[in-house]
Structure formats: structure tokens, C-alpha cells
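Here the structure is laid out as C-alpha cells; the discussion comes afterwards.
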Number of protein chains: 2
Amino acid sequence: MTHSLGGRAAQKLHTRQSLLDAVLRLTADHSLGSLSLREVSRQAGIVPAGFYRHFPDLESLGVALVEQSLGGLRTALRAVRAGLTSSEEIARRSVDALLREVRAHREQFRFIARERYGGLGRVRRAIGDQLRLISEELAVDLLTGERAAAPVLSRWSDEDVKMLTDLIVNHMISTAAAIVDVPPGRSAAERRVVATATRQLQLVIIGARHWLDPA
Amino acid sequence: MTHSLGGRAAQKLHTRQSLLDAVLRLTADHSLGSLSLREVSRQAGIVPAGFYRHFPDLESLGVALVEQSLGGLRTALRAVRAGLTSSEEIARRSVDALLREVRAHREQFRFIARERYGGLGRVRRAIGDQLRLISEELAVDLLTGERAAAPVLSRWSDEDVKMLTDLIVNHMISTAAAIVDVPPGRSAAERRVVATATRQLQLVIIGARHWLDPA
DNA sequence: TCACTCAGTAAACACCTGTTCGCTGGAGGA
DNA sequence: TCCTCCAGCGAACAGGTGTTTACTGAGTGA
């Protein structure tokens, strides 16, 4: 192969990325577990044996892809929450950010939704780990924000806060999966999905506000 | 093959069922899309060519499996709601029923969770259809029950009721997936998952009770 | 009893799979 | 300049794949 640009290390990274992209393209139709190493290599433009210069097997490639995808979402969510204190504001802006991310990286979210429960062992675990991180970071931001501004969550037990953020994060991922499932171009259907998801989140927030009300 | 019992039609049904069971056993490790027709036939105890006497391909077998699994859940949920009118009671008893079903048919729910977003096209659509049915039936029961007893939901728009039942059904399936993900034997971990899921559902119900409160 | 139906068989087909091997040729440090 | 490194190559391997074909023989209605 002729490489027009960059040093050797840069070129290796470039090929590695085209392997990741190849999997994203191919998992539009099938799950990672049903792809073949040869198929992926072919799509990435290298010979099967070359695959092993980058990953020992497809499962490892999947784990790398999880970290790239959910790492990006995690960063975006943290950025959008920076400086905000109201939990309503945090929730609303997080949905916006999610929507933006899903639209910008549709294939990555399809991959995550696909492999969340359906994938190979290590891939599934990698996704679970990333989602737990997202949930915990959200919990921290909600608590510090609320403690400073309004004391809604300040009396909650840690366990209940985790319960809430898990609910929210799970809802986010389900929403992302639902959006990705909408055939592209059907923007009316997509808007309906987003509208429903937003109202569901509002309902959850209302529930949280009255969580400690006397029964 | 020697068949000790039953007529020819009954024997055919029996073999068909062992094909379904074979897939349930094999999808503990892989997704349906990465199974081979030969693997499934071998596990079911027939020769590959015999497979075509029952299904044209693995995807059709998957659809049949979805109908068997979620059809059973749907029936169980409807039965448990019969005669109940309080929405809290309906919710609590539905969670009990779900838990009972998941424990009794662990493999089926693992299959559903796996294929919900990750599966082949027709299988994914079949799951979506069944879940929509479950959600709509729940909506009907909530409305008629509440209208008769307490008028909490009576002022809701149809759209909002659907929004709520979708949220609940999605939460049920996520819960089932989480339970199935717990390694068997770790009953403490399982109880924690169930406890969290129950509290999340309570929070949703509280949110619903205050949905129409003035802001 | 006899003819027929059809679930399951056995063999063959062309093709795709993961992995190992030794090789090549350009990049990069001395 | 020369030497080393190593990303990507091409070929070979044993074995698994979906599907078709012609068959067998037990269950069944007339």
C-alpha cells in the first residue's frame, strides 16, 4: 500500500481507525458477533492477516469501539452540565446534547444499542462500565448543583440518588436506540419519539420532586 | 428416527419445539444472527436438511420464538391485572408477575433482551410489535380501572397515557434484561436489582400522580 | 390391505471461515 | 549511508457453512 502522508505511527493509527469504521458500517445490518474477521478486514482495505497487527480478535476491536463511542458521549454530557445548577436545566440540556450526539454519530449509537445486551461478553461488560461511569458523574453533578442552589436532592440517600441516575441514564440509552431505529428521513416520526422521550423524562423529574413527600 | 409416542403431526410439533429449545440454549452465549443452521439442527438432534421441514431460515424461527416468549408474558400480565382497579396495585402485582416469569423462563427473556435491538430485522420488528401490544393493553386496563375507582388518569390525553405505559413497559424489559444479566446463584445481587427497579417504578408512579399538578 | 404423504436422512456442491507462515519494502534512527 | 523494524501482503491449511438432491420408511385415510 502507498501512503501519501504522515509518519509510520500516524499511518498505523489511520488503519486502526478504518478498522473501527469498517465495523460501524457493517454493524448497520448485523451484530458484531456475526461479522467475520475477513469481512471487516476487506471493508477496511487490508488483508486478513493484517488485522492481527491491530487487535488479537474482533471482540477486542469491539471493546475499543465502545470506549471511543461512549467516551465521547460522556465528555459531551459533562461539558453540557458545566456551570449548571438547576436539575431541570441539567435534564433538559442533557437531552439536547444526547440528541445532537446521536444525530452526529448515528452509527456509533446503533452499535451501542445493538451490543448493550446482545453482544459478546467483554463488549457487554465494557458498555456496562461506561454507563455506570456516566450515571455516577451525573449523580455527583446533581448533588453538588442542588446542594448549592435548591435543596431538593440533599436529603436523599446515596442509594436513592443512584437509583434515579440509573433510571435516567437507562432512559437516555433507550431513547437513543429508539431514535436510531427510526428510518432516516422520517423526521416526523423522529420528532414524535423525541417528544415522547422528553415528556417521559419530565415525568421522572416530577416523580423525583415528590419522592420524599409524605404518603 | 424411532418415535415412541404420538401421531405424525404431534411428532412434528415436538421436533419443532426442540428446534426452538435448541436456539434458546445456544443463544446463552451468542446472538441468533451468529448461530449457524447446522449448529441449531445438531443441537436439536436432526440433520441440517430436516430444518427446512419446519422453517425456511433461522430468522423465521426467531420470529416464532418471539411470539412464544412474549405471548406468554402478555397472557401472564393480563391475567394478573384481571379484576384489579387501583393503578398502584396493578403496578406492584405486575412487577411480581414479571419477576415470576423471568425466573421461570430465564432463557426466553435473555433471548428477548439480546434481540430487542441487536437482532435481525424481522425478529426486532416482531419484538417491537409484541411490546406495543403489551403497552396498549396496559393502557386500556389502567384507564378503565381508574375511571371506575379513582379519577387520576381520567383527565389525561390518550397520547400521555401511551407515553406512560411505554415508559413502564420499557422499564419492565430493561429490568428483565438486568435480572438475566446477574450470574445465577448471586441472589443478593439479584435482590438489589429488583429492589432498585421497584423503587424506580414507584418514582414513576409518583410522577404520574403529580403529572397534572399546576407548575 | 394398499397407495400416498411427508418428517427425517445421507451425500455432495461450491464457498467462506480463522490462523499461521515467510516475505517485502518503505520509514526512521545511528 | 547502512541497518533494523514492522505494517501490510499472498498463499496455504483444515474445517465449517447453506442449500439441493434423491432416498427411505413409518403413520394414515380409504
Whole Å only: how far is the [atom1] atom of [X] from the [atom2] atom of [N]?
| X | N | atom1 | atom2 | value |
| --- | --- | --- | --- | --- |
| A/His14 | C/dA27 | NE2 | P | 16 Å |
| A/Tyr52 | C/dG22 | OH | P | 17 Å |
| A/Arg38 | C/dC15 | CZ | C1' | 11 Å |
| B/Leu58 | D/dG18 | CG | C1' | 10 Å |
| A/Gln11 | C/dA27 | CD | P | 10 Å |
| A/Gln43 | C/dC16 | CD | P | 16 Å |
| B/Lys12 | D/dG25 | NZ | P | 21 Å |
| A/Glu39 | C/dC15 | CD | P | 17 Å |

**OP:** Quick one: label B/Arg42 by what it contacts on the DNA or RNA (base, sugar-phosphate, nothing), any heavy atom closer than 4.0 Å.
**Re:**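 B/Arg42: backbone/sugar contact only, no base atoms under 4.0 Å.
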**OP:** Might you work through the side chain to side chain contact (heavy atoms under 4.5 Å, CB included) test for A/Gln11 and A/Thr15, ending with a clear yes or no?
**Re:** CA-CA 6 Å; A/Gln11 181 52 43; A/Thr15 302; 3.5 Å; yes
Choose from [options] the nucleotide whose nearest atom is closest to any side-chain atom of [X].
| X | options | value |
| --- | --- | --- |
| B/Leu37 | D/dG10, C/dT9, D/dG18 | D/dG18 |
| B/Arg8 | C/dT19, C/dA12, D/dT28 | D/dT28 |
| B/Pro48 | C/dC21, D/dT19, D/dG8 | D/dT19 |

Original post:
Got a sec: does the CZ of A/Arg106 have more than 12 other heavy atoms crowding it under 6.0 Å?
Top reply: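 Yes, the 6.0 Å shell around CZ holds more than 12 heavy atoms from other groups.
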Subject >> Minimum heavy-atom distance A/Leu32-A/Glu115, with the two atoms named >> reply: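 Heavy atoms of A/Leu32 and A/Glu115 come nearest at N-OE2, 3.0 Å.
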Original post:
Minimum heavy-atom separation for A/His54 to A/Lys12, with atom names?
Top reply: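 Here A/His54 and A/Lys12 meet closest at CE1-O, 3.4 Å.
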Subject >> Short side-chain N/O contact to D/dG16 OP1/OP2 from B/Ser36, under 4.0 Å >> reply: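 The answer is no; no side-chain N or O of B/Ser36 sits under 4.0 Å from OP1 or OP2.
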Original post:
Under 4.0 Å between a side-chain N/O of A/His54 and OP1 or OP2 of D/dG8, yes or no?
Top reply: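 For D/dG8, OP1/OP2 do have a side-chain N/O of A/His54 under 4.0 Å.
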Original post:
Under 3.5 Å, is there an N or O donor on one side and an acceptor on the other linking the side chain of A/Arg53 and the base of D/dG8?
Top reply: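 Such a pair exists between side chain and base.
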Subject >> Criterion side chain to side chain contact (heavy atoms under 4.5 Å, CB included) on B/Met163 and A/Leu203, from CA distance to verdict >> reply: CA-CA 10 Å; B/Met163 173 279 282; A/Leu203 189 144; 4.0 Å; yes
Original post:
Of B/Asp57 and B/Ala9, whose nearest nucleotide on DNA chain D comes first from the 5' end?
Top reply: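 Looking at DNA chain D, the more 5' nearest nucleotide goes with B/Asp57.
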